[in-house]
Undergrad: 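One structure is given below, represented as structure tokens, and several questions about it will come after.
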Amino acid sequence: DHLPGSLIDAIRAFFITNAIRDLRGQKENARAMLVNVSRFKAVQRQVYALVEEEVSIIKNAIELYSVMHTRGERNQELVDLERIYRKYFPDCEYSWEQVLATLGTAVSDIRVQLYNSDTDRRFETDELMWQPPQRSITVGGDVLSRGLTLDGLSTSYFYRQVRASDTLLQMARWFGYRDGYHDLCRTWIDSSVAQDFRYIADAVDE
């Protein structure tokens, strides 16, 4: 019935990434966030609804309070965004004031999407291709793990144990080929799963 604080922080980090990429002149480039926490579709639907609600809360705070915030009137949501900026992007070439001034336009078009086997089957039946929004947060499960590519993926929130090496190899694409924004990519992942990725990376090198 609620999102963990770590997932909310990941959403905030994705918002900040959007602002920084806009400041870098990458406004036309796609960017995406992945949320993959369960293979059960009922749970995915719950997470999707909660993420959509949280995104709306953060967007509204930015729209309503960003100007007042710069004048010294503190808003808790913007305080939390600044905390994430300073924690995860300390080497960013832009100041918090520059990022804050850009956030409103940078995040206004972000859409939350649910993509799982039901979605996949519906598109297959209608013979349509799935076209995610230019700026999206995609919630899903196995379909995301096994080959769906999210263009401009920069933030990943992953909470699952995966033992199959081929699935790990497919998911490893989340970690590379990010020219122009590789320094902004952030991954929330369990330490044991991170170790599984290290193991499969060593196997590939060998």
Undergrad: Above 12 or not: heavy atoms from other molecules or residues under 6.0 Å from CD of Glu93?
TA: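 Atom CD in Glu93 is crowded, with more than 12 foreign heavy atoms closer than 6.0 Å.
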Undergrad: Is the closest side-chain heavy-atom distance between Gln26 and Tyr181 below 4.5 Å?
TA: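 The answer is yes, as the side chains (C-beta and beyond) meet within the 4.5 Å cut-off.
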Undergrad: Can you name the closest pair of heavy atoms from Pro4 and Tyr157 and give their distance?
TA: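 Result for this residue pair: CG-OH, 3.6 Å.
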Undergrad: Could you point out which residue of Thr155, Thr17, Asn18 forms a side-chain contact (heavy atoms from CB on, under 4.5 Å) with Leu184?
TA: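 In the set Thr155, Thr17, Asn18, the residue that makes a side-chain contact (heavy atoms from CB on, under 4.5 Å) with Leu184 is Thr17.
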Undergrad: Is there a continuous path of hydrophobic side-chain contacts, each under 4.5 Å between heavy atoms, that joins Val43 to Met33?
TA: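 They do share one cluster, since a chain of ILVMFWY contacts under 4.5 Å joins Val43 to Met33.
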Undergrad: Would Ile62 and Phe15 count as a side-chain contact (heavy atoms from CB on, under 4.5 Å) if you check the C-alpha gap in whole Å, the side-chain angles of each, and the deciding distance to 0.1 Å?
TA: CA-CA 10 Å; Ile62 293 169; Phe15 275 38; 3.9 Å; yes
Undergrad: Measuring from Arg45:CZ to Tyr48:OH, what's the distance to the nearest 0.5 Å?
TA: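 If I round to the nearest 0.5 Å, the distance is 12.0 Å.
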Undergrad: Do any N or O atoms from the side chain of Ser56 and from the backbone of Glu52 form a donor-acceptor pair under 3.5 angstrom?
TA: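 Judged by distance alone, no pair lies under 3.5 Å.
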Undergrad: Answer whether the closest heavy-atom distance between the side chains of Leu7 and Val51 falls below 4.5 Å.
TA: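 Result yes, sub-4.5 Å side-chain heavy-atom pair found.
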Undergrad: With heavy-atom distances below 4.5 Å as the criterion, would you say the side chains of Arg31 and Asp22 are in contact?
TA: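 Side chain of Arg31 against side chain of Asp22, heavy atoms only: contact under 4.5 Å found.
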Undergrad: Considering all heavy atoms of both residues, which atom of Ser38 and which atom of Gln44 are nearest to each other, and what is their separation?
TA: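 What the structure gives for the nearest pair is O-NE2, 2.9 Å.
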Undergrad: Students often mix this up, so state it plainly: with edges at 30° and 60°, are the rings of Phe158 and Phe197 parallel, tilted or perpendicular?
TA: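 It falls in the perpendicular class, over 60°.
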Undergrad: Is the shortest heavy-atom distance from the side chain of Gln113 to the side chain of Leu150 under 4.5 Å?
TA: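 No - every pair of side-chain heavy atoms lies 4.5 Å or more apart.
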Undergrad: Is the backbone of Ala106 close enough, under 3.5 Å, to the side chain of Arg135 for a donor and an acceptor to pair up by distance?
TA: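 Judged by distance alone, yes, a pair lies under 3.5 Å.
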Undergrad: Are the side chains of Leu50 and Glu53 in contact, using a 4.5 Å heavy-atom criterion?
TA: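 Heavy-atom side-chain distance check passes, below 4.5 Å.
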Undergrad: I'd like to know if the side chain of Gln134 reaches the main chain of Glu28, judged simply by a donor and an acceptor atom lying under 3.5 Å from each other, with no hydrogens or angles considered.
TA: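 Here the side-chain-to-backbone pair exists.
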Undergrad: Are Val37 and Phe40 in one and the same hydrophobic cluster, where Ile, Leu, Val, Met, Phe, Trp and Tyr link if side-chain heavy atoms are under 4.5 Å apart?
TA: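 Yes.
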Undergrad: Is the backbone N or O of Ala30 less than 3.5 Å from a side-chain atom of Arg21, with the two atoms forming a donor-acceptor pair by type?
TA: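 Yes; at least one donor-acceptor contact below 3.5 Å.
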Undergrad: Supply the atom-to-atom distance Ile8 CD1 to His2 NE2, rounded to the nearest 0.5 angstrom.
TA: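 That separation rounds to 8.5 Å.
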Undergrad: Considering the options Arg186, Lys87, Arg83, which one meets the salt bridge (charged side-chain N to carboxylate O under 4.0 Å, His left out) requirement together with Asp9?
TA: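 Among the candidates, only Arg83 passes.
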Undergrad: State, with a plain yes or no, whether a side-chain heavy atom of Arg24 is found less than 4.5 Å away from one of Ile20.
TA: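 Of all side-chain heavy-atom pairs linking Ile20 with Arg24, at least one is under 4.5 Å.
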Undergrad: Between Ile110 and Lys59, is any pair of side-chain heavy atoms under 4.5 Å apart?
TA: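 Answer yes - side chains close enough.
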Undergrad: Can you name the one residue among Tyr88, Phe14, Tyr159 that meets ring pair (Phe, Tyr, Trp, His ring centres under 6.0 Å) with Trp188?
TA: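 Among the candidates, only Tyr88 passes.
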Undergrad: Can you find a heavy atom in the side chain of Val35 that is under 4.5 Å from one in the side chain of Val47?
TA: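 Yes, close enough: below the 4.5 Å cut-off.
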Undergrad: Does Leu103 belong to the same Ile/Leu/Val/Met/Phe/Trp/Tyr cluster as Leu64, with side-chain heavy atoms less than 4.5 Å apart forming each link?
TA: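 Yes, Leu103 connects to Leu64 through the hydrophobic network.
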Undergrad: Yes or no on side-chain contact (heavy atoms from CB on, under 4.5 Å) for Asp183 and Asp91, after CA distance, side-chain angles and deciding distance?
TA: CA-CA 9 Å; Asp183 60 312; Asp91 299 322; over 6 Å; no
Undergrad: Could you tell me whether the side chain of Glu63 and the main chain of Gly104 form a donor-acceptor pair under 3.5 Å?
TA: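 Looks like no, no N/O pair under 3.5 Å.
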Undergrad: Nearest 0.5 Å, please: how far is CG in Asn36 from OG in Ser156?
TA: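 Going from the OG atom of Ser156 to the CG atom of Asn36 covers 9.5 Å.
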Undergrad: If you count every heavy atom of other residues, nucleotides or ligands that lies below 6.0 Å from Gln98 atom CD, does the total exceed 12?
TA: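 Yes, enclosed.
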Undergrad: Rounded to the nearest 0.5 Å, how far does CG of Asp190 lie from CD of Gln195?
TA: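 Those atoms lie 11.5 Å apart.
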Undergrad: State the CG-CD distance between Leu81 and Gln76, to the nearest 0.5 angstrom.
TA: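 Atom-to-atom, Leu81:CG and Gln76:CD are 10.0 Å apart.
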Undergrad: Could you tell me the separation between the CG atom of Leu34 and the OG atom of Ser136, rounded to the nearest 0.5 Å?
TA: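 Nearest 0.5 Å value for the CG-OG distance: 9.5 Å.
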